[in-house]
Every structure is written in C-alpha cells, then in structure tokens.
Number of protein chains: 2
Amino acid sequence: MNAFSRRRLLGWTGAGAAAVGIGAVAGCAAPAAPAPAELVVPFRGEHQAGIVTPAQDRLHFVALDVLTDDREELRALLQRWTAAAERMTAGAETTPGGATGGNPNSPPDDTGEALGLPAASLTLTFGVGASLFAKVGLDPSLVPPGLAELPRFAGDQLDPALSGGDLCIQACSDDPQVAVHAVRNLVRMGFGTTAVRWSQLGFGRTSSTSTAQQTHRNLFGFKDGTNNLKAEDPDGLRDQVWVSPDRAPAWLAGGSYLVARRIRMHIEIWDRTSLAEQEVIIGRTKDSGAAIGAAGEFDPADFAAVDETGAPRIAVDAHIRLASAESLGGVKILRRGYNFVDGSDGQGHLNAGLFFIAFMNDPQAQFVPMQRALAQSDVLMEYIEHTGSAVFACPAGLGEGAYWGQSLLEA
Amino acid sequence: MNAFSRRRLLGWTGAGAAAVGIGAVAGCAAPAAPAPAELVVPFRGEHQAGIVTPAQDRLHFVALDVLTDDREELRALLQRWTAAAERMTAGAETTPGGATGGNPNSPPDDTGEALGLPAASLTLTFGVGASLFAKVGLDPSLVPPGLAELPRFAGDQLDPALSGGDLCIQACSDDPQVAVHAVRNLVRMGFGTTAVRWSQLGFGRTSSTSTAQQTHRNLFGFKDGTNNLKAEDPDGLRDQVWVSPDRAPAWLAGGSYLVARRIRMHIEIWDRTSLAEQEVIIGRTKDSGAAIGAAGEFDPADFAAVDETGAPRIAVDAHIRLASAESLGGVKILRRGYNFVDGSDGQGHLNAGLFFIAFMNDPQAQFVPMQRALAQSDVLMEYIEHTGSAVFACPAGLGEGAYWGQSLLEA
C-alpha cells in the first residue's frame, strides 16, 4: 500500500471526518488527509472534472439508455449517482463501509474490487444525449443546439449498437480497475432505471490536455494531439470549449459538448505504408512529431512553405492541415481520446483503433466542418473507419450539494 | 521521460552497443545501461519469463492460427519473432531504428507507438497448441501428453472463436501500450504465415506470483490467488509447474503448460447476493481475504473446523475448499489471470469477467480435477460462464542464440 486507499480513507473518515466531509478530502485541506494531492481530483468546481484535467492514462466510457419515463425516478438516481461519484473520486467506497461494513445479510453497496486501491486521479464526467429529452418529458426548448444530429460523413460505417445514448459517464483514471469499478458501480445503481447501451475501454491517452504532459502516440505510431487545446489556455477554452450563456439554454452554461467517435484503424494496411508516405499523410515527422519542415514538436506548422518545385511542403491533404485552425477559420477542439484494442475481428486482425473524445462548445461549427474536411480529403480515411458516434451535453461543474443534471431537471 | 526508453536505448545502442549486445541490456550488466533493473525482465534464461515473473498489471494475450504447412517458413518466422521479442522486452524497437530510422520509402519495421515508453517489465511468453503438430507435419510422438483435449465441463459455453490456437503469445507489462505494441508487431511480422485467432486484453492482475506482491481483487470484489504458487517456492514450482524430462518429449523439458479460460462473470447477479452469502460461496472474508475462521489473509484455512452445530465453518462447497490442495490430493497450479471488461453484451450489461491463465506441468492431473470439482459443486458456477478455452505447451527458456520453438522444430 503506497498511496491513499479506500481502506485508509475509511479508517480516517471513521476517526472523525464527519465534520470535515469528503470535499476537504478532495482538496486535501484536512491535515490528516493521507493522500498525495495529485491522486485526488476535486469532484466539484466551476467545470466538471475530466475535461481539462490532465488526461489520465486509462478510460472506461459508458453510454446508457434510460428505461423510465418518470423524471422523479431519474432524479433520484442522479442524486444517488452524484453522492457515489463524489466518494469514489475521493478514493472511497460508494457509501461509507459499502463494500464490507454493512449488513452482512444484504448485498454490499459497493462491489469491492477497488478496496485498497488509491483514488488514482479518477474523474467522472456526466453528459446527456438528445434522446433523453422526449423520453422523460423535458421541454423541447431545453434541447441545446449542439445536440443536433451529426450529418452522415463520407465513409461512416456507424453501428447503432456503438452509437448514441441517453446519458454518458466518462471515467478516467491512472488505474483501469478504478475506472472500471466506478462505471460498474454506477451502472449497478442504475439497474431498472438505466441500462448499458455501449461501453468502451481505452488506454494510452492520445491527447495531452496540459502543457505539463508529454504527447503520447496513437496506434499509427504518431504523436497525437500536439496542437491540442490545453488547460493552460484560458482564452482558447472560453472561446472553443465552454458553452457561454448566450449560446444555449441556461442549464448548459459553463458546460461543454462531448463528441465521441469510435475509430477503427486498419493497422495492418497502415503498417504496409512507407514511412515517407505515412509522414506525408499526417504532415508530421514520425520521430519527433514536428510538422514537416519544422524543427521541434511544438514549433508551428508553416502551411505556406513550398519546396523547390513550388509544391506545398505540407501536403494540401495532410491530416494536420485539414484539421488545423488555419484551414477551419480558427476552429479548435479539446481532444481527449484513447487507444483501444477490442480483441480480434474474426478475420485474422486485431480490432484496434482510437476512441476519439473531444470537448467543444459548438459541434456544428467545430466538429462538423473538421470531420467533413477530413472525411472528404484526408488520405488517412483510407486507413480508418468510424464505427460509433455520439454527442452529449455535459453541464457545468457542480456547486456544493448539487447533483448531476440538476440544472436540467430543475430548469 | 523518466525511465529507460526506446529512444534512449537507440542512442545508447548507437554509441557502441554492438559489442555489448542486447543480452547485456536485459541483464543490466553494461555500466552504461540507463534502465532501472526492475523495468527490464531478462528475456533468456532457464525458464521463459512471464511465468514466475512477478505478475505485471496489464495483459495482451493472442492466440494465432498458422496458415502454412511449410515448417521452414514457420521456423523463419519464429527466428524473426525471437529477435524482435528480445529487443522489445529490453525496451527497444523490433529492429535497430525500426520505427523511424530505416529507408523512408519502405514501411517501417516497427509500428512506433511505443517510442519513448519504457520497457515497462514487458515479458513475452510463447506456447504451441495441439493443432500445430499435424499442420506443419511434426511427428505425432512429439505431441506432449498435457496437450490432450480438455473434457467438457458442466456449464461450459465455449465459443470456438475464443478457443484454441496453434500458437500463443502472452504479453504482460506494466503499460498496456507496451504490451499491445509487442503483440501487434509480432502479429504483423507473421502476416501471411500466421493470423490472429483471438486476442484478449486484461488489467488488474488477479493473482500474485511473488510473496513480494499484494493480492489484488477480481471483479467479484474478493482477493484472488492468496494461496497461489509463488516464485519463492522452488519445490512447489518443481513439483507442479515445470515439466520434468521424464513426463514429456524432450523438447518440453523445463517448460510448462498454459491453460487459458475466458470466464464471463455475471456481475449483475453476483451484485444482488448478500455479503454473507458471497463469503460463504468463496470461503473467505471479503474485507481481509482471510479464510473464514482465520485471522489474516495468509493464515491457513482450517477445513476441519466446525461451528457449534457441528457444521463445517468453511462450507463443503466453498470455492477455496473445492480448489484447495487438501481437496485435490496436493494439486496446486500457478495462476496468472487478469480482469477484463470487453464493452457491453448488448443486453444492458457489461461484458466483464476474469481471463484465467494458469501454468502447471500436468493439466490432466491438475486443472482437470480442479475444474471438474468446481464445475460440479462450486456455487460460484451460478455466477460465471466459461466462454473460451485453450491449452498451450510453453517450452523452457532460451539459451543464447536459441529461438522460440527451436527445441520442437529441431527435435
């Protein structure tokens, strides 16, 4: 045991934390709190955690169908979810003593597989899909514009079983068992009210969300997300990520939209492509990640540069050009994707790819033109296939006592 | 960059490693080797790494079909695999400069997604299945007795697409991207000669293989593998794990058999069971992991103890009793399993469970009676379902210059 653990929190909580509360644990304000600060991400705040939080290494994402049309039943679940989520992100069980300390003749409140594990930077990020509103009788005027259906993009091979959902929960952690435990326990609490629609595990975060993080590589072997929006760019976040009150129903102000795309990579085909061609397709050198013609990974790409024949040094259809703010009228997004391998495809290949997650404040003006440009012109499209798609509206962070979705349900 | 990395190895190798060789890197004998010793597990030795090696946290397991009947083609692949595997376990690319240093007009030798990542305790463990022998015309006398087909056990729901295989490679690492990179590159090298039959990712190792490791929990929330065979028990390993020369064809002496079972857990049903019943079913307390009636996790279970009514304190059908050496005439196995979540099952549940891996020297005398007892009497069977099964023979470790499978192909 080398870190803040559920057992130790339980002991410490039992020793007199009633007056201190989990909030203090999350902020590590209590002198007795045994946690290294970096392992506990505060659950409450201006924005939801898990968006600009430095991207953790592991993901468990779940999209849920709501089975009830009873808004009060949903509200009660959201309240219970919130209490459990706050405790789990602090490294605790879903309820005090929930795994082993309750009535032995009842099923435990907590399933127990995270006992003894640290908080591991767990964040839980909550969102609602367009299909939720009619299902529980919410006023159509509350549907924010960013939840409008995405157009079909060239090459889309979307599987309905891997798309959509009334609700989503994104669990990110440095320990997959902690992320899985959180999703599993929330799913369990929802039994009868919600059901798993689809779920995706990921590893090896492919986008940094902080300048303090190194850029990781996707399964094409390239550094991914070098030019991502980052936590240290408050103007960029304000302009591109956080929903301003004038652009959506009030319940979503300060929130963001989450666009998820399951991107199957045909890695076997990519692997037969030459290094030179790979670099032309991406527009970066594979080794350093620098844009072609630039020296370092973070040096700006010179899209105007031409070679001795007058041809653009970064190809006109290079991935980084098509996806660049320069090509898209200044549009950027905050990417937060993960690599995945989901077994084999039954045809002798690994079922592998990138689970793309991005946050933005206007999917129609940001993701749609970017993806349209990529789907139409990006040579990379020969090597990938979008097999799942979903958009969720993620409300702002919670103040003390507030619960997930409260701003919407009480709008 | 805080550890031994592929880039740094490349630099160091370039600086004059030709005379030192990768073998020295693996053993960290060279004074210039920059790796903390615990991050690099030696590839060669008396036994294959990845069996008694302290269980790493992440798994990528792949079973492969051999597509050729040409033994020389297979041999050539095994030689190339061995060279690449040795390099990758040392934290290097599959070939020197393989990801970005080769001819830019050729596909890179290495797919690159592990550039910059440490060796992360990667082990690669190789095995052959019973179906290989006839396929490449090996003498039937070379088929070792432990590769005899397993009987069908009560409750088996085996999916042929998740079972069997001519070859297997078990990749374990502390970093899933390192394990995935290794499997992906070996699969790629095999293109045309081998194809992926099935593949499984796992996390949260559920069995310690060293007394220096803490016991982790499975997705039923219980500590798993407390009573496992461990590296510090050479007599137990000799008697139960390593194949002695008198019990198999010579090519397998010093090796072991790997039994893999994909065990789907019906976690939703388990989660509706009371704590008391869960503990009766397992035979351990959930909190500490101690056997019922014992004080500490590692205190021996007293299977003879009775309560005031004369009933056994550990139920006659408790999991730990049925699986115990006491019940099985002294039989033990070395377990090395992992938890998994493979998305959703399409019916509102997570597709989760335990990917059981165990090593032993006589599956028919060890795994078969154990699994028969469990399948017939274990109440746990109500909550689980075996959906995949395979047995592989893993030869002994490699001496200098030897390649995977050499003892078999040159037998």
*Flag the pair A:F203 / B:L201 as yes when at least one side-chain heavy-atom distance between them is below 4.5 Å, and no otherwise.*
yes
*May I ask you to test the A:P104-B:E279 pair for a side-chain heavy-atom distance under 4.5 Å?*
no
*Counting only N and O atoms by type, is there a donor-acceptor contact under 3.5 Å from the side chain of B:R217 to the main-chain atoms of A:G116?*
no
_B:I267 side, atom CD1; A:N185 side, atom CG - distance, nearest 0.5 Å_ = 9.0 Å
*Atom CZ of A:F222 and atom CG of B:L115: how far apart are they, to the nearest 0.5 Å?*
10.5 Å
_Testing the basics here: between A:T100 and B:K286, what is the closest heavy-atom pair and its distance to 0.1 Å?_
CG2-CB, 3.7 Å
*Taking every non-hydrogen atom, the tightest pair across B:V196 and A:S344*: CG1-CB, 3.4 Å
*asked:* Quick check for you: among A:D271, A:V341, A:D224, which has the greatest number of heavy-atom pairs under 4.5 Å with chain B?
replied: A:D271
*Give me the contact list for residues 56-65 of chain A versus chain B, heavy atoms only, anything under 4.5 Å, ordered by residue number.*
A:R58, A:H60
_Side chain, backbone, both or neither of A:F191 within contact of chain B (heavy atoms, under 4.5 Å)_ = side chain
*Relative to chain A, which segment of B:T111 carries a heavy atom at a distance below 4.5 Å: side chain, backbone, both, or neither?*
both
_Donor + acceptor pair across side chains of A:N339, B:Q177 (<3.5 Å)_ = yes
